[in-house]
Undergrad: 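Pasting a structure here, questions to come.
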2 protein chains.
Amino acid sequence: MDVTIYDVAKAANVSMATVSRVMNGNPNVKPETRKRVQDVIKELNYRPNAVARGLASKKTTTIGVVIPDISDTYYSELTRGIEDVAKMYQYNIILTNSDKKLDKELELINDMSSKQVDGLLFMGDELTQAHRTYFEGLKVPVVLAGLLDGKNEIPSVNIDYGQATYDSMKHLLKAGHRKIGLIMGNMRQLILKKYIIPSAEKALSEYQAEFMSHYLYEGDNSYKSGLEATAVFLNMSPATRPTAIFVLNDEMALGVIHGIQDHGLNVPNDFEVLSFEDTKLTRMVRPTLSSVVQPMYDIGAVSMRLLTKLMRKEEIAETQILLPYRIEFRGSTK
Amino acid sequence: MDVTIYDVAKAANVSMATVSRVMNGNPNVKPETRKRVQDVIKELNYRPNAVARGLASKKTTTIGVVIPDISDTYYSELTRGIEDVAKMYQYNIILTNSDKKLDKELELINDMSSKQVDGLLFMGDELTQAHRTYFEGLKVPVVLAGLLDGKNEIPSVNIDYGQATYDSMKHLLKAGHRKIGLIMGNMRQLILKKYIIPSAEKALSEYQAEFMSHYLYEGDNSYKSGLEATAVFLNMSPATRPTAIFVLNDEMALGVIHGIQDHGLNVPNDFEVLSFEDTKLTRMVRPTLSSVVQPMYDIGAVSMRLLTKLMRKEEIAETQILLPYRIEFRGSTK
DNA sequence: TTGAAAGCGCTAACAG
DNA sequence: CTGTTAGCGCTTTCAA
């Protein structure tokens, strides 16, 4: 069927080993021989069989990507970053969606193991002991993207969620707000509990503002839940309801803005709204949405870069990477 | 290192062939033997090496997905459909972005060939002879998703773009509009030239409305280009400018709505806006966006389903599939 | 119903 | 600098 390394060897009058050397850029080949082999390769349009290669070398140049949902903008931008860097280093990615279901996640990790991936990039909500066990079974490097390992064992790439939250709250507090609604998404629980909420509390307390549980709303990252959260807040009396809202993702934030406007109120005059994601959606609303900029593409790209280093067993200075973030102020804040 | 089929064979006191049979559900195994082997498999936590399997069987249970850009909602929803069905049939997908660059696309097709994928799902703007040649080199089935083969040779899944355009224009014409702006994206050229434009012309002519080239704007699918297109239209005198705008994707349509509103005009009273995509963005604007519903997820899912049939060499009644569409009327039309 | 054995196409010692 | 050879872990005849 297809042309194999053997065909090339025969046509070039060398052994398969030499062809293999040429293919792999091994320097121990006489220039003339190399040239001759390369000519034959071109002529026969030989392309090595990656599967055979993988079996012989135990390297597939394929990495597994386990993601909650590729149709979610957050993850698709992240994935784009992953794939770009993977391509740069000649890796392919096997992509699969977990929907954040633990059993699915574990099964997918096993699938990746069968496929003999050289590394795994994992995204999800939470990291359990089961994950750690399965990762170990993989026997290849794993990097978490946008997800923290509570034990700081598994390499990961994130932003400093706590600091970003603190800065955001601080900004709203400085602007005079004391009643600040906080709409959470189905965000990584650990991040929420360990970083977001404590940091929000800290900022509030510095301004003698109380952390009120009825200003906390648990959304699910959807536009609709932003709308719903707003309804809850607007239902409070004007004296007690929040005057600013900090939302943990853009879709919900859009829901919040529209929810407020649907009630005949104004953003940012009646309510300031600040988001925590910064997809292109931020520029697709009126007023445009202010947001903490989470560099999704970069998180993906840096994760993949880190993974390549791990796979090549290079020395790594720091495996718990925090990328810089900033806050982009647009129309939804004053 | 890892437990192999040989370890299982030894532990179960059978030959590797028998273990292989058990793994592959071959019925020619005595129930007791099967049971014994299965027990050992579980006990040893044996998972077959997919790479070795691929080499021996020439089937990798992996399919290639070549897509313009995974961070584009249109494609990410489509990809989700692909992956869900792939998983259902035990296939993994190798995902890669082409950015619609011809040379990249061809190179990626070759990469997929090296990786020995069992099939290919291709998305892009245009299908050239070069594509056809590379597809043939692959020697595995190929399905086009959201892309038509002008020669009707390569299986594909789409909606009837011409009919959808005709219906849309007809709706606007019936509503009394005679000056209708048409904002094109960087859509598949063939589809544009062969289906969209002729169908728009047809509808217009049926209402004695002329097809005016200055009502045609070439956008690039971005929000910004929607804004720009609107500026062009609004620059025309109120007597000659369009009163309705048909836009070929949602992001641009959002730009159009905001462009109009930024000029102090009203949607749908001053301008009706109709889009052609129907991502969740349609519900994330005020007024909400009316749109032709392109079932992206379904296009992906059906493409993948078709590909599985092709890979199994099943009989296929129709390889040029057109999925049903509908128009969802929301706030941007009267 | 089972086993033996020959590959699948390539890499990687090892020897020369 | 180049060739020989032994696998990589599995599937798949072919015989028994």
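Chain letters run A, B, ... following the sequence lines, proteins first, then strands; residues in each count from 1.
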Undergrad: Between atom CG in Leu55(A) and atom P in dA6(D), what is the gap in whole Å?
TA: 17 Å
Undergrad: Has Lys58(A) got a side-chain N or O lying under 4.0 Å from the OP1 or OP2 atom of dG9(D)?
TA: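 The answer is yes; a side-chain N or O of Lys58(A) sits under 4.0 Å from OP1 or OP2.
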Undergrad: Could you check if a side-chain atom of Leu95(B) sits within less than 4.5 angstrom of a side-chain atom of Glu83(B), using non-hydrogen atoms only?
TA: no
Undergrad: Please report the distance, rounded to the nearest Å, between CE in Met16(A) and P in dT11(C).
TA: 8 Å
Undergrad: On the nucleotide dT4(D), are OP1 or OP2 found under 4.0 Å from the side-chain N or O atoms that Tyr6(A) carries?
TA: no
Undergrad: Considering heavy-atom distances to DNA chain C, does Arg34(B) or Val51(A) have its closest nucleotide positioned more toward the 5' end?
TA: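 Nearest nucleotide further toward 5': that of Arg34(B).
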Undergrad: Do NZ/NE/NH1/NH2 and the carboxylate oxygens of Arg312(A) and Asp118(A) come within less than 4.0 Å?
TA: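 Looking at Asp118(A) together with Arg312(A), the answer is no, because their closest N to O distance does not fall below 4.0 Å.
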Undergrad: Atom NZ of Lys10(A) and atom P of dC10(C): how far apart are they, to the nearest Å?
TA: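 Checked: the NZ to P distance equals 14 Å.
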Undergrad: Taking the side chain of Pro31(A) as its heavy atoms from C-beta onward, which of dA12(C), dC1(D), dT2(C) lies nearest to it?
TA: dC1(D)
Undergrad: Respond yes when some side-chain nitrogen or oxygen of Ser57(A) is under 4.0 Å from OP1 or OP2 of dT11(C), and no when none is.
TA: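 Result: no.
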Undergrad: Which of these nucleotides, dT11(D), dC10(D), dT2(C), is closest to any side-chain atom of Asn24(B)?
TA: dT11(D)
Undergrad: Decide, yes or no, whether a salt bridge links Asp2(B) with Arg47(B) under the criterion of side-chain N to carboxylate O below 4.0 Å.
TA: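 Arg47(B) and Asp2(B): not salt-bridged.
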Undergrad: From CD of Gln116(A) over to C1' of dC8(D), roughly how many Å is that when rounded to an integer?
TA: 10 Å
Undergrad: Heavy atoms only, 4.0 Å cut-off, all strands: where does Val19(A) land among base, sugar-phosphate and nothing?
TA: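 It contacts nothing in the nucleic acid.
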Undergrad: How long is the line joining CZ of Arg36(B) and P of dT1(C), in whole Å?
TA: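 It is 14 Å, rounded to the nearest whole Å.
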Undergrad: Do the side chain of Asn24(B) and the main chain of Asn26(B) share a donor and acceptor less than 3.5 angstrom apart?
TA: no
Undergrad: Ala56(B) has a side chain; which of dT2(C), dG7(C), dG3(C) sits nearest to it?
TA: dG7(C)
Undergrad: When you check the phosphate oxygens OP1 and OP2 of dG3(C), does a side-chain N or O of Thr18(B) lie under 4.0 Å from one of them?
TA: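 Result: yes.
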Undergrad: Which nucleotide, dT4(D), dA4(C), dG9(C), lies nearest any side-chain atom of Ser15(B)?
TA: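 Among the listed nucleotides, the one closest to the side chain of Ser15(B) is dA4(C).
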Undergrad: Does a sphere of radius 6.0 Å around CD in Gln90(B) hold more than 12 heavy atoms from other residues, nucleotides or ligands, not counting ones at 6.0 Å or beyond?
TA: no
Undergrad: Would you kindly give the CG-to-P distance between Asn26(A) and dT11(C), to the nearest whole Å?
TA: 11 Å
Undergrad: Measuring to OP1 and OP2 of dT11(C), would you say a side-chain N or O of Ser20(A) lies under 4.0 angstrom away?
TA: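 Yes, within the criterion.
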Undergrad: With a 4.0 Å cut-off on N to O distance, would you call Lys104(B) and Asp111(B) a salt bridge?
TA: no
Undergrad: Nearest nucleotide by nearest heavy atom, which residue falls closer to the 5' end of DNA chain D, Arg21(B) or Ala50(B)?
TA: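 Its nearest nucleotide being more 5', the pick is Ala50(B).
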Undergrad: Between Asn28(A) and dT2(D), is there a contact of a side-chain N or O with OP1 or OP2 at under 4.0 Å?
TA: no
Undergrad: Whole Å only: how far is the NZ atom of Lys115(B) from the P atom of dC10(C)?
TA: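 After rounding, the reported distance stands at 14 Å.
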Undergrad: Compare side-chain N and O positions of Thr33(A) against OP1 and OP2 of dC1(D) and report whether any pair is under 4.0 Å apart.
TA: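 So the side chain of Thr33(A) is outside the cut-off, no N or O lying under 4.0 Å from OP1 or OP2 of dC1(D).
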Undergrad: In whole angstrom, what separates Asn49(A)'s CG from dC8(C)'s C1'?
TA: 8 Å
Undergrad: Counting just side-chain N and O atoms, does Arg53(B) come under 4.0 Å of either OP1 or OP2 of dT11(D)?
TA: yes
